[in-house]
Amino acid sequence: MESKMVQTCHGQTVTILSHQTIFPVLLFCHGFMLANTCYTDLLKHIASHGYIVVAPKFYGFLPISIPDEVQKAAQVTEWLSPSVLPEKVNPDIDNLALSGHSRGGKIAFALALGKTDQKSHKTKTSVKDNPTPLKFKAIIGVDPVAGGSVSNRPQPEILKYIPRSFDMSIPVAVIGTENGNQPLGIFPVFEFLPLNIPPCAPNGVNHSEFFNESKPPVSYFLAKDYGHCDMLDDKLDDWMTNLASHMIKSGKGSKELMRKGVGGIVVAFLKFYLGGDEKDFDAIVGDPSIAPITLDPVIYVKE
């Protein structure tokens, strides 16, 4: 398998992992203040099953607005073509899927919903929808988060709190974590400056609501005993991500098994909805105990 860092025409740094020459493409959006390289082990696992995985880095030290992230994700997708990718890396653009973790999950859903012309509050510009011309075949949310709380949801506000209200007709998979909605508690930055760390994926804006608002076919997998960032690499070279990881409630299980579990779900889902091979997906839904982690509940709404 080959891993290359390339620069897009918009100046973004993109990690491209490829297995062979012509395969479906997965665009993966990283979480808030998390480097795209922190998902290397997970994304290599997915790519090893025959996918080109593109993981843009949307910003450096300073984060940007969610509307700007959605725009950058759209630009990366439009930029993809055989002429600009590394030699012998040929994407099957007709088989393009979206995924994202944490706030990146919201970015992915916003892009799939066509929220590509939204503006941040700072611009004081009107907000409008712009149905995306990009043709995505499937979307996977990895512990997606839509905001800090129900009353604190930055633009675009994609959640409507109406079941099956997402205006898109592509297959959806949502992977949640049991501990994502739990606060870390008091974090002693300094002895005289303790911080009360809230949950990263609060109720009302987390995986449960993304599942509730997705239309069939939609599947839902809850990883028991794991936290919001337990699918990241064990060794985090980015100091900001390393600090953030210590401020998030983790589970007690093996992170390697978590990456295999999440990666296995993603691969089985993509094999089904991009390749027409439902065997592995049906096996996981039919008997979740075959996964390396505990998945409970597992829900599949086919129609």
Of the non-hydrogen atoms in [X] and [Y], which two are nearest, and what is the gap between them?
| X | Y | answer |
| --- | --- | --- |
| Gly204 | Tyr161 | O-OH, 2.7 Å |
| Arg103 | Ser65 | NH2-C, 4.1 Å |
| Ile66 | Pro156 | CG2-CD, 3.7 Å |
| Phe109 | Ser214 | CE2-OG, 3.9 Å |
| Ala223 | Leu295 | CA-CD2, 4.1 Å |
| Phe28 | Pro56 | O-CD, 3.2 Å |

TODO: Determine, stepwise, if the pair Asp230 / Thr177 fulfils side-chain contact (heavy atoms from CB on, under 4.5 Å).
DONE: CA-CA 9 Å; Asp230 285 346; Thr177 62; over 6 Å; no
TODO: Decide yes or no on side-chain hydrogen bond (donor to acceptor under 3.5 Å, both in side chains) for Asp287 and Ser289, but give the supporting numbers first.
DONE: CA-CA 5 Å; Asp287 182 11; Ser289 67; 2.5 Å; yes
Nearest-0.5 Å distance that lies between atom [atom1] in [X] and atom [atom2] in [Y]:
| X | Y | atom1 | atom2 | answer |
| --- | --- | --- | --- | --- |
| Asn212 | Leu159 | CG | CG | 10.0 Å |
| Tyr51 | Leu26 | OH | CG | 9.0 Å |
| Lys72 | Ile107 | NZ | CD1 | 12.0 Å |
| Leu111 | Met168 | CG | CE | 10.5 Å |
| Phe23 | His49 | CZ | NE2 | 12.0 Å |
| Ile248 | Ser250 | CD1 | OG | 7.0 Å |

TODO: With Arg164 as the cation and Phe210 as the aromatic partner, state whether NZ or CZ is under 6.0 Å from the six-membered ring centre and within 45° of the axis.
DONE: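 Checked: cation-pi criterion not met.
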If we ignore hydrogens and angles and just use 3.5 Å, is the side chain of [X] paired with the main-chain N or O of [Y] as donor and acceptor?
| X | Y | result |
| --- | --- | --- |
| Asn36 | Ala55 | yes |
| Tyr300 | Gly286 | no |
| Thr77 | Ala73 | yes |
| Lys106 | Pro154 | yes |
| Tyr39 | Leu34 | no |
| Tyr226 | Ser254 | yes |
| Ser99 | Ile140 | yes |

Is the shortest side-chain heavy-atom distance between [X] and [Y] below 4.5 Å?
| X | Y | answer |
| --- | --- | --- |
| Asp94 | Lys135 | no |
| Pro171 | Phe272 | no |
| Leu27 | Val25 | no |
| Phe58 | Pro63 | no |
| Lys252 | Asp225 | no |

- [ ] Would you kindly say whether Ser149 and Asn152 are connected by a side-chain donor-acceptor distance under 3.5 Å?
- [x]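 No, because no side-chain N or O of Ser149 sits under 3.5 Å from a partner of the opposite role on Asn152.
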TODO: Decide if atom NZ of Lys215 counts as having more than 12 heavy atoms of other residues, nucleotides or ligands within a radius under 6.0 Å.
DONE: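 Atom NZ in Lys215 is crowded, with more than 12 foreign heavy atoms closer than 6.0 Å.
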Open item on the list: Please enumerate all residues that pass side chain to side chain contact (heavy atoms under 4.5 Å, CB included) together with Ala268, with sequence neighbours excluded.
Closed with: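 Listed in chain order: Asp280, Phe281, Ile284.
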Open item on the list: Once side chain to side chain contact (heavy atoms under 4.5 Å, CB included) is applied, do any residues pair with Asn95, and if so which ones, sequence neighbours excluded?
Closed with: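 Counting only residues at least two positions away or on another chain, Asn95 forms a side chain to side chain contact (heavy atoms under 4.5 Å, CB included) with Pro24, Asp92, Lys137, Leu274.
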Task: Test applied, side-chain contact (heavy atoms from CB on, under 4.5 Å); reference residue, Ile158; option that passes from Arg153, Glu213, Lys115, Glu209 - done: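 For Ile158, the side-chain contact (heavy atoms from CB on, under 4.5 Å) check succeeds only for Lys115.
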Task: Result of checking Leu42, Thr40, Thr37, Leu43 against Asp233 for side-chain contact (heavy atoms from CB on, under 4.5 Å) - done: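 The option that passes is Thr40.
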Open item on the list: Centroid separation under 6.0 Å, is that true for the rings of His207 and Phe221?
Closed with: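 Centroid separation for Phe221 and His207: 6.0 Å or greater.
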Task: Ile162-Val205 co-clustered via ILVMFWY side chain contacts under 4.5 Å - done: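 Each belongs to a different hydrophobic cluster.
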- [ ] Could you give me the CA-CA distance, side-chain angles and deciding distance for Val145 and His228, then say whether side-chain contact (heavy atoms from CB on, under 4.5 Å) is met?
- [x] CA-CA 10 Å; Val145 181; His228 184 63; 3.7 Å; yes
Task: Ionic contact status for Asp167 with Lys160, cut-off 4.0 Å - done: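 No, Lys160 and Asp167 are not salt-bridged.
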Open item on the list: For a side-chain contact (heavy atoms from CB on, under 4.5 Å) check, start with the C-alpha distance between His45 and Arg259, then their side-chain angles and the critical distance, and finish with the verdict.
Closed with: CA-CA 8 Å; His45 178 93; Arg259 289 190 293 270; over 6 Å; no
Task: Test side-chain contact (heavy atoms from CB on, under 4.5 Å) applied to His30 and Tyr59, step by step - done: CA-CA 10 Å; His30 63 80; Tyr59 48 81; 3.9 Å; yes
